[in-house]
> 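I am attaching a structure below and will ask some questions about it afterwards.
First the proteins, then the strands, lettered A, B, ... as listed; each starts at 1.
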Amino acid sequence: MKSFRLILYLVTESNKFFLDSLFAPNRCYCLTINHTTLIMVAQRVRTRFAPSPTGYLHVGGLRTALYNYLFAKKMDGDFIIRIEDTDQSRKVEDAQKNLIKTLEWAGIVADESPEHGGDYGPYVQSERLDIYDKYCRQLLNDQHAYYCFATHEELEENRQLQIKQGLQPKYNRKWLPEEMGGTMPAGIIKQKLDKGLPYVIRMKVPDYVSVWFEDIVRGPVEFDSATIDDQVLMKSDGFPTYHFASVIDDHFMEFTHIIRGEEWLSSMPKHLLLYEFFGWEPPKVAHLPLLLNPDRSKLSKRQGDVAVEDYIRKGYSADAIVNFVAMLGWNEGEGSEQEVYSMEQLIQKFSLERVGKAGAVFNIEKLNWLEKQYIKNRPAEKLVAIIKPILKAELEQKKSLMPLEIITSDAYLEKVIELMRERVGFEHEFVTFSSYFYFEPETWDEEAIKKRWSVETNNLLKGFAVLLDSLDDFSAENIEILLKEFVAPKGLKAAALIHPLRIVASGVSFGPSLYHLLEVLGKETVLRRIQVGIEKINYVD
RNA sequence: GGCCCCAUCGACUAGUGGUUAGGUCAUCACCCUUUCAAGGUGGUAGCACGGGUUCGAAUCCCGUUGGGGUCACCA
């Protein structure tokens, strides 16, 4: 029972730390002030991420999961994954596995989930059908729900008619029984039931009551029940709808906080009504602002990648994505100018109170910048471990003229990393963007040749190659001295040789310091490339 | 359309009655420099609008406008 903190948090945010330090975590606390005793019951925070297994993990879903996770961990509570597979027709094979795998990739590991189990299972809704059935029956008994035999066609017809009449499309309550205030005689319902005709079960939304609740991020929100439809609770295939299943599960899995996207805000009153029917205490809720396309519509395919898997494939790291997505709608607040946060720091600093209300545009440029920050600061060993498999895969496709044991060594890769870490945007670019560290150039930047070559260039290279060959210590410093001494008596600038050297050595006109580049490549490779370059580059004035 | 939510630079945001409206990304200029980056310095750029309340409003209230979400036997 660790979440003593939760209750204090809810009761008195400002006194939290004061009270926190007064009591050791336990189940029950008594506080007596002026003969008045305040009793607090500890309750461990439990949050959930409840995706449906219909495919990939959406970045919005990742953020929702992350906020649930951060909040739970911050409060010393548990984060749970539940799979909402009540629509069997949309179920996608392996989606559940991928969802959980992708979350774990991001560092979001559930305390309870279908894969890892827990005390509140099963964690897949299709395995909880008997529970929904039982509680649906209870609602039926209590006259909070009723059978409805309307067909899809009938419903659609009714809808069209209402639209034509300028009314709001809403279920017409044709099957609401007489004893519940409707017009359908019990006999007819029984008749249909006996015949075994397909039906759904609808909840009866009370007329003209006001449903009010306090949203943690939005404050008070109010709905009029007259605008709420008699929601289907059980579908004709015997599966519950989302609304019903999630309320039942949220209750029995004892979640203390529901943190989800704003798209759920308008179904909140239905859920609240269900809690009321059952006499259960609803959890606290927080509706997160939506993630937006650049045109400010709800983030969607069509306008770029939305699957976390897409970003993984492109080479974004978990650190950067988590960091980025966390900042979309949350910030530490006044006084902080921190941009880069580790998961630990996020857990430490996160709070639902500081989640914003307005939607946030998913801005890829900031993500790119963050990714670079991480690459700049990631320890070389870590990068080596990431790059090596990429290089090895590449080496299976392409032959290298350089000694394999050297270019695949940690020492060599670390040198490449130090030269390139401020020049790459993704980890894989240490290989793909810097292939000249491992493979011979096959093309030589034409624009650059035009700009940097003169009639003398090839001879200069040839002459310098001889000097390089005689250099025993092939270090950047020595190469620099040698080059300057070579060029000075000729009345040339160092640049006259530097640029051509870079081009023959790498094929491109940009990259790290030339001297360091040559040092890392090594004498043998450099001499070979000068030779090949001279042969291949035909300068025409 | 009904209902609900939202509104500070192009983007992410700080700001909770008194600030020259701050930071980050992007962008521009300059510096550094063998290239490309990185880094440094500086700049452009914002409180949607209209009414109140108040000595004083980005901040509180009302309205308008704009945007979004939602109105399924999908979640």
> With a 4.0 Å cut-off, would you call A:Asp305 and A:Lys314 a salt bridge?
yes

> A:Tyr67 and ring-ring contact (aromatic ring centres under 6.0 Å, His included): which single residue from A:Phe350, A:Phe49, A:Trp330 fits?
A:Phe350

> Relative to the ring of A:Phe426, is the ring of A:Tyr316 parallel (under 30°), tilted (30 to 60°) or perpendicular (over 60°)?
perpendicular

> Both A:Pro220 and A:His516 contact RNA chain B. Which one's nearest nucleotide lies toward the 5' end?
A:Pro220

> Is it true that A:Asp133 and A:Arg128 have a side-chain N and a carboxylate O under 4.0 angstrom from each other?
no

> So that I can tick it off, tell me whether A:Asp85 and A:Lys91 are bridged by a salt bridge, with the cut-off set at under 4.0 angstrom between side-chain N and carboxylate O.
yes

> Is any N or O donor-acceptor pair between the side chain of A:Arg452 and the base of B:U35 shorter than 3.5 Å?
no

> Please report the distance, rounded to the nearest Å, between CG in A:Leu291 and P in B:C5.
21 Å

> Test salt bridge (Lys or Arg N to Asp or Glu O under 4.0 Å) on A:Glu429 and A:Lys372; report intermediate values, then the result.
CA-CA 11 Å; A:Glu429 288 183 347; A:Lys372 281 193 168 186; over 6 Å; no

> With heavy atoms under 4.0 Å as the rule, sort A:Lys493 into base, sugar-phosphate or nothing.
nothing

> Give me the distance, rounded to whole Å, that separates B:U33 from B:G67 when you measure between the C1' atoms they each carry.
47 Å

> Give a yes or no on whether a donor-acceptor pair under 3.5 Å exists between the nucleobase atoms of B:U34, that is its base, and the side chain of A:Ser513.
yes

> Considering only the C1' atoms, how many Å lie between B:U13 and B:A58, rounded to the nearest integer?
14 Å

> Rounded to the nearest Å, what distance is computed from the NZ atom of residue A:Lys357 to the C1' atom of nucleotide B:U13?
16 Å

> Run the salt-bridge test on A:Asp230 and A:Lys204 with the 4.0 Å N-O cut-off and return the result as yes or no.
no

> Could you list all N or O pairs between the protein and nucleotides 71-75 of chain B that sit under 3.5 Å apart?
from	atom 1	to	atom 2	distance (Å)
B:C73	O2	A:Ser236	N	2.8
B:C73	O2	A:Ser236	OG	2.7
B:C73	N3	A:Ser236	OG	3.1
B:C73	N4	A:Ala150	O	3.3
B:C74	OP2	A:Lys235	NZ	3.1
B:C74	O2'	A:Asp87	OD2	3.2
B:C74	O2'	A:Arg90	NE	3.3
B:C74	O2'	A:Arg90	NH2	3.4
B:A75	OP1	A:Thr86	OG1	2.8
B:A75	OP1	A:Lys235	NZ	2.6
B:A75	OP2	A:Tyr242	N	3.1
B:A75	O3'	A:Glu84	OE1	2.9
B:A75	O2'	A:Ser52	OG	3.2

> Nearest whole angstrom, please: distance from the C1' of B:A14 to the CH2 of A:Trp330.
13 Å

> Give the rounded distance in Å between these two atoms: CG of A:Asn368 and C1' of B:C12.
14 Å

> Are any of A:Arg421's side-chain N or O atoms less than 4.0 Å away from OP1 or OP2 of B:A37?
no

> Would you mind telling me which of B:C6, B:G39, B:A37 lies closest to the side-chain atoms of A:Lys372?
B:A37

> Salt bridge or not between A:Lys484 and A:Glu480? Use side-chain N to carboxylate O under 4.0 Å.
yes

> Classify the side chain of A:Lys366 and the base of B:U24 as holding, or not holding, a donor-acceptor pair under 3.5 Å.
yes

> Rounding to a whole Å, what distance do you find between A:Met327:CE and B:G23:C1'?
11 Å

> What interatomic distance, in whole Å, is found between C1' of B:C9 and the corresponding atom of B:A48?
14 Å

> Side chain of A:Leu290, heavy atoms from C-beta onward: which of B:G69, B:A26, B:U35 has the nearest atom to it?
B:G69

> Is A:Arg218 close enough to B:G69 that one of its side-chain N or O atoms is under 4.0 Å from OP1 or OP2 there?
no

> So what's B:A58 paired with, Watson-Crick or G-U wobble, going by both distances under 3.5 Å?
none

> Could you check whether A:Pro512 gets within reach of a base, just the sugar-phosphate, or nothing at all, counting any heavy atom under 4.0 Å?
base

> Please list all pairs meeting ring pair (Phe, Tyr, Trp, His ring centres under 6.0 Å) that have one or both residues in residues 144-166 of chain A, counting only residues at least two apart or in different chains.
A:His144-A:Phe277, A:Tyr147-A:Tyr199, A:Phe149-A:Trp175, A:Phe149-A:Tyr199

> With P as the reference atom in both, quote the distance from B:C25 to B:C4 in angstrom, rounded to an integer.
41 Å

> Report the residue (A:Val361 or A:Ala495) whose heavy-atom-nearest nucleotide on RNA chain B is the more 5′ of the two.
A:Val361

> So which nucleotide from B:G68, B:C12, B:C4 ends up closest to the side chain of A:Leu328?
B:C12

> Should A:Asn331 be listed as having a side-chain N or O under 4.0 Å from OP1 or OP2 of B:A14?
yes

> Under a 4.0 Å threshold between the charged nitrogen and the carboxylate oxygen, would A:Glu154 count as salt-bridged to A:Lys174?
yes

> Between B:C47 and B:C6, how many Å separate the two C1' atoms, rounded to a whole number?
15 Å

> May I ask you to say what A:Ala494 touches in the nucleic acid, namely base, sugar-phosphate or nothing, with a heavy-atom cut-off under 4.0 Å?
nothing

> Between B:G10 and B:C55, how far apart are the two P atoms, rounded to whole Å?
35 Å

> If you check the A:Arg354 side chain, which of B:C6, B:U34, B:G15 turns out closest?
B:G15

> B:U70 phosphate, OP1 or OP2: any side-chain N/O from A:Lys298 under 4.0 angstrom?
yes

> Rounding to a whole Å, what distance do you find between A:Ile375:CD1 and B:A37:C1'?
13 Å

> Taking any heavy-atom pair under 4.0 Å as a contact, classify A:Arg502: base, sugar-phosphate, or nothing.
base

> Base, sugar-phosphate, or nothing for A:Val508, non-hydrogen atoms under 4.0 angstrom?
nothing

> Taking B:C12 as the reference, what is the distance to B:A26 when you measure between their C1' atoms (whole Å, please)?
11 Å

> Can you tell which of B:G68, B:A11, B:U24 lies closest to the side chain of A:Glu262?
B:G68

> If you check every side-chain atom of A:Glu337, which of B:C6, B:U35, B:G22 has the closest atom?
B:G22

> Can you tell me how far C1' in B:U27 sits from the matching atom in B:U19, rounded to whole Å?
26 Å

> Look up atom CD in A:Glu371 and atom CD1 in A:Ile364, then write down how far apart they are to the nearest 0.5 Å.
10.5 Å

> Could you tell me whether A:Phe239 contacts a base, only the sugar-phosphate backbone, or nothing, with contacts defined as non-hydrogen atoms closer than 4.0 Å?
nothing

> Please tell me if A:Arg423 has a side-chain N or O lying less than 4.0 Å from either OP1 or OP2 of B:U35.
no

> Which one is paired to B:A48, where only Watson-Crick or G-U wobble pairs with both distances under 3.5 angstrom count?
B:U64

> Could you please name the partner base of B:G39, counting Watson-Crick and G-U wobble pairs only when both distances are under 3.5 Å?
B:C31

> What is the distance from CG of A:Asp224 to P of B:C3, rounded to the nearest Å?
10 Å

> Could you state the atom-to-atom distance from CZ of A:Phe223 to P of B:G69 in whole Å?
15 Å

